[in-house]
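Single-structure report; data block below.
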Amino acid sequence: MSTKTPSEADILRPVNNVSKKYFMLFGAAALALGAFLVAWMYQLANGMAVTGLSDWGSGGGVTWGLYIGAFIWWVGIAHGGIILSAAVRLLDMDRYMPVARLAELLTIAGLSAAGFYILVHMGRPDRMVTSVLGHYHITVNNSPLVWDVTVITAYFVLTATYLALTLRYDITRLRDQLPDHFEPFYKVMTLGYTKDEDEVVERMVWWLALAIIIMAPLLLHGGVIPWLFAVLPGMPGWFSAVQGPQFLTIALTSAISGVIIVAAAFRRAYDWDHIMTDDVFRGLLLWLGFFSLLFLWLQLQQNVVGLFKAPVNVGVAQQATLAHPLYQLSMGLVFLTLAFIFAQTIRPSLFSRTRAIVAAFAVLTGTLIEKILFVVEGFFHPTFEIYAATPGEYFPSAIEWLSLVGTTGLVVLIFLVVSKLVPVVELHAVEHLRGDHGHGHDTDESETTKEVKA
Amino acid sequence: MSTDDESFHPLGNEWEGELEEMLDDTEYDSDLGMKMAQDAMRVTKGELSEAEFHEMYHDDVMEEFGVDDRPTEAAYEQAQEEQKGTATRMLEAFEGDGEESRRETMKKMGVGAAAVGLGAWGTVDDGPEANLAAADDHSSYGKVENDGTQLGMVIDLERCDGCLSCVAACQEENQTDQGVNWMYVLDYEEPDGDNSGSRNRLVRPCQHCTDAPCEKVCPTTARHTRDKDGLVLTDYDVCIGCRYCQVACPYGVNYFQWDEPSVSTDEIKQTADDMGMDGDHMTDHRDRWVDSRAPRGVMSKCTMCPTRQDGHMGDEKVGTTACEDACPPEAINFGDMNDPESKPQQYLTNVVQTRAERMVDGQSPNRENVQESYNFLEGDVELLEMEYLEDGDHDEIQAALFIQGELAESELTLEDEELREVVIDIIGDADALAELEDEELGTLADVLLGDASEGDVDSDDLDAANTAIDAVITDAEEGVQAVVDRYESREITPAEVEESLALLDGEEEPWVSEAGITDEGSAQNVLEAYAGGEASTFKLLEDVGTNPNVTYIGNEPGPEAEQVEGPVAYSDIGGTDNRKDVLDEKTVGDAGVSL
């Protein structure tokens, strides 16, 4: 732990200060997003032929590619982020309270990137509202894609509510130190606030967290997102009951990695080494190791089942996946991360924040590759693989690659903007770090904390 | 699921109160909504049938919302025919095989919830237009069987010769882009190396599945089954181009419109006008844009020609498709798969017979030819009067008979000059006269026809010429004898096939003579020898549970079958096999490598 005492001033520093570096980063992120927006306009003008996609079957390609792979990846980061934050609240894992809001913001930003990918992926994005909402009452009965839209929307609402409720507490208390030019925003955010609501809000937040914890594994990244693929019997690379748990582990590993990177960035930018302590990073790394283990374990299940004595279609698909260099790279990255995390558990001196960041990047790269490959390999080896043009060919076009840069820019921008509006670390976290637990359940909290830490 | 309070809703009074509030917020009559909701719950308990429920509130709903598309509508419509509602069957399709009682409850709960949710909400959210557009086809969602018309195909793979005429015809009719092969034909090999015997070829249109996965996953209802005839179509005005249908289809029949199509809608309309179509070849009888190539950004696939089925191309095109029309060996049989009397079902019932009928059509020597040959041998008919001659040409016989003096000049139908040419042809073909110049042959012909004196030609040549003339007659006569001999030796000729077909069709004595086919056993053998044995039938990937409406006759490709080059290349018909070759040209930064 650091010797400095965390204060309100610490968490207000991003809101009230701008620096040259901030503008440079803002400019770079805006440029990245802008470049992709231009590329997207080009795609809209010329049709989706500008991508590397084609029809599977006699068409010699894959019809879903990087866009969908990256969509799942971002959704995974988002879902994992909110699970992390909800777990912190629900289980009183106070150690991670300083990064809880960052995880929530990562959810909002990740979902924005994912939502953007849906539009980018569509042949006729202009019809999203009329065609999808117009027939919602019918299609919700059948289409996993509609379930997806439904649950992601519900999720977005839950997260936003959750974030808004906790922000009211902070904004009210810190209002004097927040910049006046955002007055209307703060007014809206704290509309009708009374001190009496604190207790109610705390309970609401707890229930929301419970809802999220229940919903997320069952419905979200353990549910509707993998069901997009897992329920289709024509594609043996996807058709499997393991996809739900598998996707969930990918979501959690990606999200923890994301939180590690974002937290490290803020710590560095605002000298928050006494708020986002090494202890937090060590803890996050441990969780990352745990979920990486689950991730690899589920991959092992698929490989053993798919290679031992599987039906022809499953065997072909799994063999192709296992033999793919990118699959091996992806698994290797996660495995190496896991090995490092285990090693630094045994010998704590192996830990450093830089290494934690490298591990986080390694996992994020691994999961992104795995996700894109997962989508593509499904089309490469369908059950009906009779066509000479299967397995097809696919390599993302320049525009598709640029979308990764663009959405990363979008996520960075969201963080940069939000950090100027509201504190990205909860007031509760500071209060907790200082040891004054004046927010509700103070008596038994320290005991619980000790238990969790133990 | 029951509660002890007096609420109609299983979740109790509180929930009921909330529902009521929700309804109050809408501009619609909340009393009606609540009454409906209560009765909807009665439906779930089995106290009220779906049809009764629908009827009960139909007038009120019409008055209130101006449209009644509650999910019970179909149940109401079908109640007269059958007691079981469509909405129930619709839900059944999702359930699979489960415990009956639990399933019943869940199903009915679904109806109740839907009634509460949709009656009050769905109608508010979307205008009547959106609902009307979709209402037409809801009932077909996840249907298990279609009692009405279900168009489909029976494709005889043993007959397909891989000429790709169907592929070309489809592309021309629907004006699809290069590589958009809605109809696709492929040859394949099995990896075990046993590719002998009958052919390994597959004709792959869309299977127009009864349980179409593409339709089930569509987030918009753009992919739908047309109630009228069970065709699985794409509404080009609704599709958002998410391509999930293509992902879910196990057959790979979908083709996305990645860029601007090469033929404009104006051109399609113009072509339709030029052909005198009663329509634009794009919108069907429901005014939905489902036919011809897709516009940019939406999905397309084989449609089985709704424009034809709607009669827009004339009555004679109803019940046909472009590919079927174009197939030279008539391997494609399109029609109502639910009708035992339809073209495909008839074909399926009598594969060998139907196949033989089509193969023998127009072939010789047929029964009449054999009969005629018998007649000739018995002296009842002259050689020159015979319609069928296996060896011989009527003109040559006429000339020969005239030279032999068997035919008077007045009986000749050939002009002088023609006659002379025919004679020259006959003698020119004789080996002994092969050395002669044209002029010499001419003189020889003149001598034979009595237009020149015998002194003008070599006597050996004249003898040879006379022999050639005689041979014309003897060859012809021997040919007639051969027809009879072959018939009596039971060599399989079209005549025997015809006899066999007639015999199996119940005709009493279809044979020309007792020497022909007179018993059904032989008849069956003849047909099988001629048209191939009773080949097995299959549907593609039947275990995937799509209930496809294309039935194949012939070899089913195994799980490891791999496409090989066919007899005709796609480039030979001006097409493209692998569409990626075309699409790659527009890819920005095509790296030329693959993942």
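Every chain is numbered from 1, with letters handed out A, B, ... down the list of sequences. Please read these numbers as outputs of a predicted model, since none were measured by experiment.
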Minimum heavy-atom separation for B/V593 to A/F395, with atom names?
O-CB, 3.1 Å
Would you confirm whether A/H135, through its side chain, and B/T221, through its main-chain N or O, come within 3.5 Å as a donor-acceptor pair?
no
Ranking A/E400, A/M128, A/H121, A/H324 by heavy-atom pairs under 4.5 Å to chain B gives rank one to A/H121
Determine yes or no for a side-chain-to-main-chain donor-acceptor pair under 3.5 angstrom, with B/Y184 supplying the side chain and A/G57 the backbone.
no
Start with the C-alpha distance between B/Y236 and A/R124, add both sets of side-chain angles, then the distance that settles side-chain hydrogen bond (donor to acceptor under 3.5 Å, both in side chains), and finish with yes or no.
CA-CA 10 Å; B/Y236 297 152; A/R124 290 297 303 262; over 6 Å; no
What part of A/E393 lies closer than 4.5 angstrom to a heavy atom of chain B: side chain, backbone, both or neither?
both
Side chain to side chain contact (heavy atoms under 4.5 Å, CB included) assessment of B/V298 paired with A/R127:
CA-CA 11 Å; B/V298 310; A/R127 291 179 178 167; 3.7 Å; yes
Max heavy-atom pairs within cutoff under 4.5 Å with chain B, candidates A/V140, A/L228, A/T390, goes to A/L228
Heavy-atom closest contact (B/R243 atom, A/T63 atom, distance):
NE-O, 2.8 Å
Which bit of A/M235 comes within less than 4.5 Å of chain B, counting heavy atoms only: side chain, backbone, both or neither?
side chain
Turns out that what part of A/V312 lies under 4.5 Å from chain B's heavy atoms comes down to side chain
Picking from B/L583, B/D581, B/D237, which has the most non-hydrogen pairs under 4.5 angstrom with chain A?
B/D237
Quick one: OG on A/S58 to CD on B/Q563, what's the gap to the nearest 0.5 Å?
8.5 Å
To the nearest 0.5 Å, atom CD1 of B/I240 lies from atom CG of A/L145 at 6.5 Å
Atom pair CD/CD1 of B/E190 and A/I386 - distance to nearest 0.5 Å
7.5 Å
Side chains of A/T51 and B/K586, heavy atoms from C-beta outward: is any pair under 4.5 Å?
no
Given a strict heavy-atom distance threshold of 4.5 Å, which part of A/I68 is in contact with chain B: side chain, backbone, both, or neither?
neither
Of all of A/P325, A/A389, A/G65, A/G52, which one pairs up most often with chain B through heavy atoms under 4.5 Å apart?
A/G52
Hey, does B/Y251 have a side-chain heavy atom less than 4.5 Å from the side chain of A/T383?
no
Please classify the contact between A/W238 and chain B as side chain, backbone, both or neither, with a heavy-atom cut-off of under 4.5 Å.
side chain
Side chain from CB out, backbone as N, CA, C, O: work out which of these in A/L402 comes under 4.5 Å of a heavy atom of chain B, or both, or neither.
neither
Does B/E260 CD have over 12 foreign heavy atoms under 6.0 Å away?
yes
If you define the side chain from C-beta out and look only at heavy atoms, does anything of A/P144 sit under 4.5 Å from B/Y244?
yes
Side chain, backbone, both or neither: which part of A/N46 has a non-hydrogen atom closer than 4.5 Å to chain B?
backbone
Pair count under 4.5 Å, heavy atoms only, with chain A: among B/N181, B/L202, B/V247, B/D577, highest is B/V247
Using modelled atom types and a 3.5 Å cut-off, is there a donor and acceptor pairing between side-chain atoms of B/S594 and backbone atoms of A/Y394?
yes
In Å and rounded to the nearest 0.5 Å, what is the CD to CG distance from A/E377 to B/L595?
8.5 Å
What do you reckon, is CD of A/Q299 surrounded by more than 12 foreign heavy atoms closer than 6.0 Å?
yes
Looking at every non-hydrogen atom in both residues, tell me the closest pair between A/T139 and B/C218 and how far apart they are.
CG2-O, 3.5 Å
Using a cut-off of under 4.5 Å on heavy-atom pairs, state which of B/V238, B/D259, B/N254, B/V544 scores highest against chain A.
B/V238
Between A/F229, A/W56, A/F379, who has the most heavy-atom pairs with chain B when the cutoff is under 4.5 Å?
A/W56
Contact between B/K216 and A/N142 at the side-chain level, heavy atoms closer than 4.5 Å - yes or no?
yes
Can you confirm whether A/L232 sits close enough to B/V217 that some side-chain heavy atom of one is under 4.5 Å from a side-chain heavy atom of the other?
yes
Spacing of OH belonging to A/Y387 relative to CD belonging to B/E562, to within rounding of 0.5 Å
12.0 Å
Donor-acceptor pair between B/R579 and A/S54 side chains, under 3.5 angstrom
no
Could you pull out the closest heavy-atom pair between B/P250 and A/G234, with the gap in Å?
CB-CA, 3.9 Å
Chain B shares the most heavy-atom pairs under 4.5 Å, among A/P391, A/P382, A/P233, A/G59, with A/G59
Counting heavy-atom pairs under 4.5 Å to chain A, which of B/C242, B/P559, B/P213 comes out on top?
B/C242
Contacting moiety of A/V132, where chain B heavy atoms sit under 4.5 Å
both
Less than 4.5 Å to any heavy atom of chain B: does that hold for the side chain of A/I372, its backbone, both, or neither?
side chain
If you round to the nearest 0.5 Å, how far is OH of B/Y255 from CG of A/D55?
7.0 Å
